[in-house]
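What follows is one structure encoded as structure tokens, with my remarks underneath.
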Amino acid sequence: MGNTLEQIALQLKNENKKVQLIYAFNGSGKTRLSREFRLLVDPKNTNEDNEEDDVQSFSKIIYYNAFTEDLFYWFNDLDNDQERELRTQPNGFTDWLVTFLEEQGLDQKITNHFQRYTSDKLTPMITSDFSKITFSINNGSASPLLNIKISKGEESNFIWSIFYSLLEQIIEERSIPNPTDRSTQDFNDLEYLFIDDPVSSLDDTHLIELAVDIANLIKSNETNLKFIITTHNPLFYNVLSNEFNNKYYKNPGDETELLIYRPNQSKKFRLDKNADGLFVLNELDNNTPFSYHLFLLSEIKNAIDTNDIKKFHFAFLRNILEKTATFLGYTSWTKLLPKDGSGNPDPFANRILNLSNHSAHSGEEVGVVEDNDKDKLEELVEFLSSEYKFWN
């Protein structure tokens, strides 16, 4: 049994939790879920044909997803190749956003967050109206390199830094009890913040740092704002899961400690997409981190049971072998394979795992899996589960 994304969005809305954390593979519908949730919570931005206008509503919900990054684009100065600028797409939300950022003077906060997750040698230069951003880098010479084009990962970092600075400001404003004392009335009716895979391009160290920052900011929030976070990154999910399992005190160590966050205020899920195009939202144990390798193993076993083995399932198995070899201290995942009569790794198993992970042509990825290879996959899964005592 499955549900539509609209039904999943309604399920999330009815949970009434401060935090809902969702793991899902890429392509499982996370971004579409954020849009469905937005339309459910605040459907006012639709036209006569009931189609969503290209404006993000921020009366009851603000979200960060792939569409947020699309609100920015590069002007590359193709004629002179000198003035390279990151610009904002003109629409209702970005017009409001740049005005708000300018009024609140958040340019330095944005720069600080950006440099924290990238490098303090990489500096954004933001115009007074926030409509254009250029970047420079200090390469150790007397003069920094100006008007450089940053990488796609750095660009994602910068856009996230804008959103994170906005998030901090929202929580600060909403923490003022009397709305008339706030510097803006824009967030008085805000109910939800939906964050979809903030920065997947970060290295592990910065990704952990980002997860801890987000969790602490959310847990320190004393307002009735609710947060939904989706991710395909198991490390990011696990760090957030652990952080949301910890209590948060307003004044830790004081004689009158005020507990403002409890673990039961969060809920964890895994979003699965069925073969029929419908979705299932599975609740995960609140006290147990999500085990990515066990999930991959269950996906392979399900494909075997339903006779729906694809080439990517061999990639799943190799991923499991690599993680297991690292955990056990082996120099190569091939050392975990069953042995032949000479004590060497099974050459056929080794061949099909390598072949399925290094196809020379993209067309091979959708090719039919031969019966011999299917049998070998099932044999390897049984061996791996038995030999290394995997939890079922």
Side-chain angles (χ1 to χ4, degrees), residues 2-24 28-43 57-65 163-164 166-168 170-175 187-198 210-234 236-250 258-272 279-291 295:
N3 296 301
T4 65
L5 285 178
E6 184 178 2
Q7 292 169 321
I8 297 292
L10 181 61
Q11 182 179 341
L12 293 173
K13 187 173 184 295
N14 291 338
E15 284 292 347
N16 195 32
K17 290 290 184 180
K18 184 171 187 175
V19 187
Q20 295 181 82
L21 177 61
I22 303 170
Y23 178 88
S28 296
K30 300 189 308 301
T31 301
R32 284 179 290 150
L33 177 61
S34 68
R35 301 282 273 188
E36 288 292 345
F37 191 85
R38 202 286 278 168
L39 289 172
L40 176 66
V41 171
D42 198 358
S57 168
F58 50 88
S59 175
K60 293 184 178 180
I61 180 172
I62 290 179
Y63 61 74
Y64 176 92
N65 60 16
F163 184 87
Y164 187 73
L166 173 63
L167 178 58
E168 287 181 315
I170 289 170
I171 291 177
E172 182 178 326
E173 293 289 340
R174 284 292 297 269
S175 296
F187 312 122
N188 290 353
D189 298 325
L190 189 64
E191 299 176 8
Y192 290 94
L193 290 114
F194 198 120
I195 303 172
D196 174 31
D197 263 339
L210 174 64
V212 172
D213 287 345
I214 292 175
N216 285 336
L217 182 63
I218 291 174
K219 290 192 296 184
S220 67
N221 161 49
E222 297 181 69
T223 74
N224 59 354
L225 289 172
K226 297 181 178 67
F227 299 82
I228 299 174
I229 305 172
T230 58
T231 182
H232 76 284
N233 188 296
F236 188 65
Y237 175 91
N238 280 338
V239 175
L240 284 174
S241 178
N242 288 331
E243 289 297 315
F244 290 134
N245 282 343
N246 297 326
K247 297 177 181 178
Y248 192 94
Y249 294 89
K250 185 174 183 178
L258 177 61
L259 186 62
I260 59 176
Y261 173 83
R262 295 173 175 83
N264 63 5
Q265 292 177 267
S266 71
K267 208 164 189 178
K268 288 71 175 281
F269 302 95
R270 188 182 73 238
L271 179 67
D272 294 327
F279 302 83
V280 178
L281 193 65
N282 295 298
E283 185 176 351
L284 299 176
D285 187 343
N286 209 39
N287 297 314
T288 305
F290 174 65
S291 299
F295 179 50

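These numbers come from the heavy atoms of this one structure, side chains and all, not from hydrogens, waters or symmetry mates.
- A donor-acceptor pair is defined here as one N or O able to donate and one able to accept, closer than 3.5 Å; such a pair exists between the side chain of Lys17 and the backbone of Asn264.
- Summarising the local packing, CD of Glu6 is surrounded by 12 or fewer heavy atoms from other residues, nucleotides or ligands at distances under 6.0 Å.
- Asn224 places a side-chain heavy atom less than 4.5 Å from the side chain of Arg174.
- Shortest non-hydrogen contact noted between Leu281 and Leu12 is CD2-CD2, 3.6 Å.
- The two residues Lys60 and Val41 have their closest heavy-atom pair at CD-O, 3.6 Å.
- Taken to the nearest 0.5 Å, the CD1 atom of Ile218 stands 11.0 Å off from the CG atom of Asp213.
- One finds the CD1 atom of Ile22 at 12.5 Å from the CG atom of Leu240 (value rounded to the nearest 0.5 Å).
- Side-chain atoms of Tyr23 never come within 3.5 Å of backbone atoms of Thr230 as a donor-acceptor pair (strictly under, hydrogens ignored).
- Residues Phe269 and Gln20 approach most closely at CE1-OE1, 3.5 Å, considering heavy atoms.
- Although no hydrogens or angles enter the test, the distance criterion places no donor-acceptor pair under 3.5 Å between the side chain of Arg35 and the main chain of Leu39.
- Here the side chain of Arg270 pairs no donor or acceptor atom with the backbone of Leu284 at under 3.5 angstrom.
- Between Lys226 and Asn16, the closest side-chain pair of non-hydrogen atoms falls below 4.5 Å.
- Considering only heavy atoms from C-beta on, Leu21 stays 4.5 Å or farther from Ser266 through its side chain.
- In this structure, CG on Asn233 lies 9.0 Å from CG on Asn238, to the nearest 0.5 angstrom.
- Judged purely by atom type and a 3.5 angstrom limit, Tyr261 has no side-chain atom pairing as donor or acceptor with the backbone of Asn246.
- Between Tyr192 and Phe37, the ring-plane angle classifies as perpendicular under the 30° and 60° cut-offs.
- Ser28 has its side chain out of reach of Asp272: every pair of non-hydrogen atoms, C-beta onward, lies at least 4.5 Å apart.
- A heavy-atom distance below 4.5 Å is found between the side chains of Lys247 and Pro263.
- Heavy atoms only, all atoms of each residue included: Arg32 and Phe279 are closest at NH2-CZ, 3.9 Å.
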> Do Ile229 and Tyr237 pass the side chain to side chain contact (heavy atoms under 4.5 Å, CB included) test, and can you show the C-alpha distance, the side-chain angles, and the key distance before you say yes or no?
Replying inline: CA-CA 9 Å; Ile229 305 172; Tyr237 175 91; over 6 Å; no
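- A donor and an acceptor atom, one from each side chain of Thr31 and Asp196, are located under 3.5 Å apart.
- Residue Lys219 is tested with Tyr248, Tyr249, Phe227 for a side chain to side chain contact (heavy atoms under 4.5 Å, CB included); the sole match is Tyr248.
- Here the NZ atom belonging to Lys30 is positioned 14.5 Å from the CD1 atom belonging to Ile228, to the nearest 0.5 angstrom.
- Inter-residue side-chain proximity for Glu36 and Thr4 is flagged as unmet; no heavy-atom pair is nearer than 4.5 Å.
- Relative orientation of the Phe163 and Tyr64 rings is tilted, given thresholds of 30° and 60° on the angle between their planes.
- Considering CG of Leu33 and CG of Leu5, their distance stands at 5.5 Å, rounded to 0.5 Å.
- Nearest heavy atom pair, residue Pro198 against residue Ile214, reads CG-CD1, 4.1 Å.
- Between atom CG of residue Leu166 and atom CD1 of residue Ile170 there is a gap of 4.0 Å, rounded to the nearest 0.5 Å.
- Between Thr223 and Asn221, the shortest heavy-atom distance links the atoms OG1-OD1, 2.6 Å.
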